[in-house]
Amino acid sequence: MLTVTGLTRIFANRYDAIAGGVRDAAFTLAPGAFFTLLGPSGCGKTTTLRCLAGLERPDGGRIELDGQVIFDAASGVVVPVHRRGIGMVFQSYAIWPHMTVFENVAFPLRVARERVAREALAAKVERALATVGLAGYGERPATRLSGGQQQRVALARAIVHAPKLLLLDEPLSNLDAALREEMRDELRRLQQEIGVTTVYVTHDQSEALAMSDLVAVMDRGRIVQLDAPRAIYFTPASEFVARFIGAANMLRGTAAAAVAAGAIGAVQLAGGGRIAAHFAAGAAAGAAVQVAVRPESITLAAADGAGPAGGNALPAVLRAVSFLGATVRCDADAAGRMVRVAAPAGPVPAVGAAVSLHFAAQSAIALAT
Amino acid sequence: MSEAPAATRGWSSSTLFGARPVTSLVVGGLLAVLMLPPLLMLVQGSLVETDATGRATAWTLAHFRTLFSAPALAETLWNSLVFSAGSTVLSLLVGGVLAWLVERTNAPLRFLATISTIISMGTPYILHVVAWLFLLGPVGPVNDAWKAAGGSGKLIEVQSMWGMILIEGFLWSPLVFLLLGATFRAANADMEEAARTSGAGVLATVWRISIRLAMPAILALALFVFIRAIGAFEVPALVGIPARLYVLTTAVYESMITMPPDLGYASAFAVVMVAIVAVLLYFYGRLSANAERYHSVTGKGYRPRPFDLGAWRWLAGGLILLNFAVVLLAPMLALVWMALQSFPRGFSMAGLKTLTWSNFTAVIEAPNYLELAINSLMVAAGAATAIMLLAAFAGWIAARRGPGGRMIDQLATLSLVFPGIVLGVAVMEVYLRVPLPIYGTLWIILIAYVIRFMPFGMRYVYSGVLQLHRELEEAASVAGAGYLTILRRIVAPLLTPAMVAGWLFIFLIANKELAIAILLASPGSQVAAVAVFDLWVNGQGGELAAFGLLWTVLMTGVAVLFFVQSRRGRTDIWGN
């Protein structure tokens with residue numbers, strides 16, 4: 001159980017007023033939860049992680065881990081990093097080159113306050129190595145490892161002493177694409193197997209959505225949405241979240257009538273036309289809204305084709321088509337608004353053709369501006 | 001010119017007479033003419049008999065026989081060994097602890113370390129030595145305090161092996177601080193933080209991770225300092241000779257200043273030294289290649305992440321202050337005191353009544369000091385300029401593996417095997433024999449400086465070029481630029497910061513070292529360090545201190561420029 005309240009760490013910048021860091025972060029993690037801090041670079045996610053680790057001293061706030069206060073600005077409690085009982089995987093892995101794989105993994109046990117007997121130590125290290133799929137690699141020099149293997153060693157080192165909290169700082173960002181996907185699934189499987197509460201930092205939305213129980217999207221030092229992956233995806237709380245999660249199309253308009261929270265309502269688009277959209281927060285009549293629509297939620301149809309019942313249909317002209325393999329990316333001009341569509345691989349109308357853009361009311365998300 | 005088709009512009013780089021091989025040939029030839037004769041002449045000088053006029057008459061091994069049969073050789077070797085090892089250990093300890101505290105912790109007063117480094121960059125070694133001789137000498141404050149506290153005799157006999165080690169150790173500690181500081185700064189903080197998150201405390205992290213990771217670099221640096229100490233001259237000459245404690249450098253010097261100088265014997269001695277240094281350099285090369293082994297890529301978002309020492313930081317701050325007081329403040333105060341007294345006397349209240357500016361007025365009014373200063377500055381500036389010009393070509397060719405690159409690299413760094421005093425002997429032999437009328441002028445000192453400091457210029461350009469992405473040059477080549485045009489329009493402008501830093505560095509050390517010039521300077525062609533040495537020998541401590549302080553102020557100005565320039569590159573990258 002990890003409880004964080006009011007966590008603040010601000011970096012003053014000598015040259016201008018813009019300061020990095022994290023402001024007023026708060027979240028509570030159930031035991032065994034996989035929690036992801038998601039955001040663009042410089043949003044404060046790594047700072048948050050380093051504050052949890054104790055590598056960075058927060059300016060304010062409180063952190064409680066398994067009933068023990070490990071940081072509290074008000075009462076001045078600061079448990080130093082090596083007494084927090086955590087495990088951490090660094091972005092660069094930080095595998096010590098002057099030690100073997102075994103010694104790297106054994107390190108947390110060797111420096112532990114209570115001595116670990118030699119046999120128990122060897123057994124624990126072997127188990128950790130086996131868990132990450134590196135059984136038998138112990139005697140290798142740490143410098144003779146591939147990137148993926150280094151990553152596994154770093155992970156084994158982080159879990160060998162059964163930490164209360166596992167911290168992962170963009171551990172997959174230095175791997176190539178194929179390996180990254182493999183390790184993503186394995187990391188999640190491992191975490192479930194061990195059952196350790198985990199905080200994961202990434203800027204990759206698909207990693208965050210695929211692995212997490214809970215996601216915090218961060219923007220300029222603040223958590224802007226804290227939700228389950230599905231909720232983040234389907235009901236983004238703001239334009240920033242919607243865009244970051246991959247909704248490339250934003251249509252401006254106003255609510256045609258008052259809409260209750262969670263209901264479908266009509267939106268009068270700024271450039272003309274009317275669509276039905278899902279209002280997560282509700283809106284008054286005439287309130288300005290942005291409607292976020294994902295490229296993959298839109299279907300291209302012939303201009304005169306009938307749309308699905310209850311769905312939206314916008315007339316448009318196809319301006320550009322790029323074949324991307326799995327999908328075909330189309331840019332269509334709908335009365336002066338450029339709308340991006342990700343169509344399934346297959347024949348699409350020619351550039352210049354008049355088309356109709358169809359999308360369900362549920363996948364048009366109205367956001368207050 | 002710009003409308004000429006690309007095919008006719010410049011020389012094709014693939015032909016035998018193209019710009020590339022011709023440039024290499026010219027640069028290599030120049031380096032060979034500079035660097036090879038001293039070594040060859042030294043070896044030849046040690047193997048020939050000469051008649052009364054100095055002409056070689058026959059080959060002989062007599063000089064080596066004399067050298068190896070004299071019992072003095074073993075003793076001198078042993079002294080050199082003890083002296084170098086002792087001062088290496090001391091300077092690594094002092095400079096290393098300081099570097100770690102300054103670069104990797106949040107101890108207070110860290111700026112003091114930088115100040116003492118900058119000022120000691122600008123102070124001739126010999127001034128430090130003179131100051132220390134005063135501080136630890138019979139009338140100095142250390143022995144005074146000992147007597148005042150009721151001690152009998154002297155607490156420290158400075159003119160001893162211990163005195164030599166102590167002074168040399170302090171003399172080198174700023175350089176160790178500088179070089180190890182760079183190592184600690186470049187260290188990947190993730191490695192230490194990984195240990196901390198694994199449950200290791202500060203001490204365990206430093207002992208098990210930081211020191212182990214820095215060990216290859218520390219060993220390489222230790223050998224480097226050891227080699228420099230083998231070639232050190234100032235301390236052995238001023239501290240050791242009066243106590244009849246000879247090391248290799250002072251033994252060579254003595255055999256050169258006896259009348260008549262025994263050039264053959266001195267050469268044989270010098271050849272032995274060169275051989276020793278060459279062997280050590282070979283191991284140094286292997287060690288420093290090894291030092292890169294643990295060099296790992298740092299993660300993104302670099303920010304200095306020092307250790308929090310907690311309450312211990314005040315103790316650490318105390319250590320930094322102590323170091324500042326010992327390495328800089330005490331010697332400088334000693335010099336000020338000496339400069340303000342008309343005759344040598346210890347620190348005392350009574351001495352306050354006899355303070356006088358007379359030494360400073362003497363220095364400022366006497367025309368020879370001004371001439372001396374101008375001589376020194378001109379020779380150093382000339383040498384630095386010549387070196388950087390030649391090194392710009394040589395370093396680029398070597399770093400980019402151009403034609404003959406390896407040979408050019410080896411030629412340019414050949415003079416590393418010469419301790420300063422030995423180079424003095426060798427250059428003297430060369431220009432006594434070639435019919436160039438430069439013996440006894442400043443030109444011979446300038447040439448000796450160029451030979452001696454060429455490796456430093458080379459290192460600045462070489463590492464500067466390695467930092468330039470190769471594609472910058474390839475892009476120019478694709479755009480149609482010829483070989484020399486790339487050097488002039490692309491490489492040279494981008495290398496300017498490295499070249500300026502290299503120039504300033506050479507300018508500073510050329511003005512600092514005594515050993516090379518001491519045998520080459522004649523009454524009409526003096527430089528500052530040699531003049532200070534003469535003043536010391538003549539017992540004019542007051543004028544020496546006054547001139548030395550003025551000189552130090554001037555050189556510190558240059559040293560500040562140097563630091564600003566060398567940090568600029570880093571600043572651009574890290575933005576703070």
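A, B, ... follow the sequence lines: proteins, then strands. Residue 1 opens every chain. Note that the structure is predicted; figures quoted are calculated from it, not measured.
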With a 4.5 angstrom heavy-atom cut-off, could you sort out which part of Arg84(A) is near chain B: side chain, backbone, both or neither?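 When you check distances to chain B, no heavy atom of Arg84(A) falls under 4.5 Å.
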Part of Arg110(A) lying under 4.5 Å from any heavy atom of chain B: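 Both parts, backbone and side chain.
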Inter-residue atom distance [X].[atom1] - [Y].[atom2], 0.5 Å rounding:
X	Y	atom1	atom2	value
Arg208(B)	Trp96(A)	CZ	CH2	9.5 Å
Arg50(A)	Thr197(B)	CZ	OG1	10.0 Å
His82(A)	Glu193(B)	NE2	CD	14.0 Å
Arg196(B)	Ile86(A)	CZ	CD1	10.0 Å

Please tell me if the side chains of His98(A) and Pro216(B) come closer than 4.5 Å, counting only heavy atoms from C-beta onward.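 Heavy-atom side-chain distance check fails, nothing below 4.5 Å.
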If I compare all heavy atoms of [X] with all of [Y], which pair ends up nearest, and what's the gap?
X	Y	result
Ala194(B)	Arg157(A)	CB-NH2, 3.3 Å
Ala94(A)	Asp190(B)	CB-O, 3.5 Å
Val111(A)	Ala200(B)	CG2-N, 3.7 Å

Between Val89(A), Ile95(A), Leu167(A), Val160(A), the one whose heavy-atom pairs under 4.5 Å with chain B are most numerous: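 Between Val89(A), Ile95(A), Leu167(A), Val160(A), the count favours Ile95(A).
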Decide if atom CZ of Arg313(B) counts as having more than 12 heavy atoms of other residues, nucleotides or ligands within a radius under 6.0 Å.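 Yes, because the 6.0 Å sphere around CZ of Arg313(B) holds more than 12 heavy atoms from other groups.
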Would you say that more than 12 heavy atoms from the other residues, nucleotides or ligands in this model lie under 6.0 Å from the CZ of Arg57(A), or not?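 Counting neighbours around CZ of Arg57(A), 12 or fewer heavy atoms of other residues, nucleotides or ligands fall under 6.0 Å, so no.
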